[in-house]
Amino acid sequence: PAAHSRSWARPGFPRTLGQAQALDGICQLDLVISLNIPFETLKDRLSARWVHPASGRVYNMDFNPPQSQGVDDLTGEPLVQRDEDRPEAVAARLRKYKDAAKPVIELYKSRGILHSFSGTETNKIWPYVYSLLSSRIPPILSEEEH
């Protein structure tokens with residue numbers, strides 16, 4: 001049988017230069033996508049997360065709010081915000097991520113495989129990402145189409 005390459009995606013990885021270098025030992029990447037979302041947008045979205053501790057149900061006050069403010073839909077028990085989701089903690093996490101990711105971004109940029117997209121809304125960014133992916137990754141054929 002003829003050899004063929006496989007396409008795969010790994011969202012959120014690599015996050016550090018060490019991870020990128022380790023990945024180089026396993027495979028050669030031909031496409032890296034970077035989503036550039038403003039710091040304040042990310043901070044606001046992540047800080048809007050509240051949870052129901054007993055069940056682990058997660059609510060987002062912007063995109064998936066509870067039916068009644070501050071309480072779980074099923075039990076009526078209070079929701080809590082985890083320490084790591086508080087605005088000051090989110091800001092620190094984002095700064096740490098940016099510092100770690102910068103050399104990774106520069107590495108892939110220097111290789112000419114980095115494609116960056118900027119925006120604040122998924123539904124506005126996704127069509128451009130989809131178009132790029134569609135042009136670079138062959139369609140997956142079902143068994144009947146082989």
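Heavy atoms only: backbone and side chains are in, while hydrogens, waters and symmetry mates are out. Remember, predicted model here, so these are calculated numbers, not experimental data.
Taking both residues in full, the closest heavy atoms of V104 and L17 are given as CG2-N, 3.3 Å, listed atom of the first, atom of the second, then distance. Across all non-hydrogen atoms, the minimal contact from S47 to P87 is OG-CA, 3.2 Å. Listed here is the closest heavy atom pair of V80 and W50: C-CE3, 3.3 Å. Of all heavy-atom pairs spanning S116 and N36, the tightest one is CB-ND2, 3.5 Å. Among all heavy-atom pairs drawn from P78 and P53, the shortest one is O-CD, 4.0 Å.
Remark: side-chain polar atoms of S135 are paired, donor with acceptor, to backbone N or O of L132 under 3.5 angstrom.
Following chains of ILVMFWY side-chain contacts shorter than 4.5 Å, one cannot reach L46 starting from V51, and the two form parts of different hydrophobic clusters. Clustering ILVMFWY residues whenever any of their side-chain heavy atoms sit less than 4.5 angstrom apart, transitively, puts L31 in the very cluster that holds Y130. At a threshold of 4.5 Å between side-chain heavy atoms, the hydrophobic network of Ile, Leu, Val, Met, Phe, Trp and Tyr places I113 and F13 in one connected group. Under the 4.5 Å side-chain heavy-atom criterion for Ile, Leu, Val, Met, Phe, Trp and Tyr, I33 and Y128 are members of the same hydrophobic cluster.
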As a quick check of understanding, evaluate side-chain contact (heavy atoms from CB on, under 4.5 Å) for V129 and L35, giving each step before the final call.
CA-CA 9 Å; V129 174; L35 301 179; 4.1 Å; yes

Under 3.5 Å, which donor-acceptor pairs link side chains of residues 67-74 to any protein atom two or more places apart or in another chain?
residue: D72; atom: OD1; partner: R57; partner atom: NE; Å: 2.9
residue: D72; atom: OD1; partner: Y59; partner atom: OH; Å: 2.6
residue: D72; atom: OD2; partner: R57; partner atom: NH2; Å: 2.8
residue: D72; atom: OD2; partner: L74; partner atom: N; Å: 3.3
residue: D72; atom: OD2; partner: T75; partner atom: N; Å: 3.0
residue: D72; atom: OD2; partner: T75; partner atom: OG1; Å: 3.0
residue: D73; atom: OD1; partner: Q67; partner atom: N; Å: 2.6

Side-chain atoms of residues 21-28: list all donor-acceptor pairs with protein atoms under 3.5 Å, sequence neighbours left out, distances to 0.1 Å.
residue: D24; atom: OD1; partner: R111; partner atom: NH1; Å: 3.0
residue: D24; atom: OD2; partner: R111; partner atom: NH2; Å: 2.7

Can you give the donor-acceptor pairs under 3.5 Å from side chains of residues 119-126 to other protein atoms, not counting sequence neighbours?
none

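With sequence neighbours left out, the side-chain contact (heavy atoms from CB on, under 4.5 Å) criterion links R95 to F39, A91, A92. The salt bridge (Lys or Arg N to Asp or Glu O under 4.0 Å) check on R82 picks up E84, D85, with sequence neighbours excluded. Every residue two or more places apart in sequence or in another chain that forms a side chain to side chain donor-acceptor pair (under 3.5 Å) with R86 is listed here: D83.
A heavy-atom distance below 4.5 Å is found between the side chains of M61 and L79. Within the 4.5 Å cutoff, the side chain of N64 has no heavy atoms near those of the V58 side chain.
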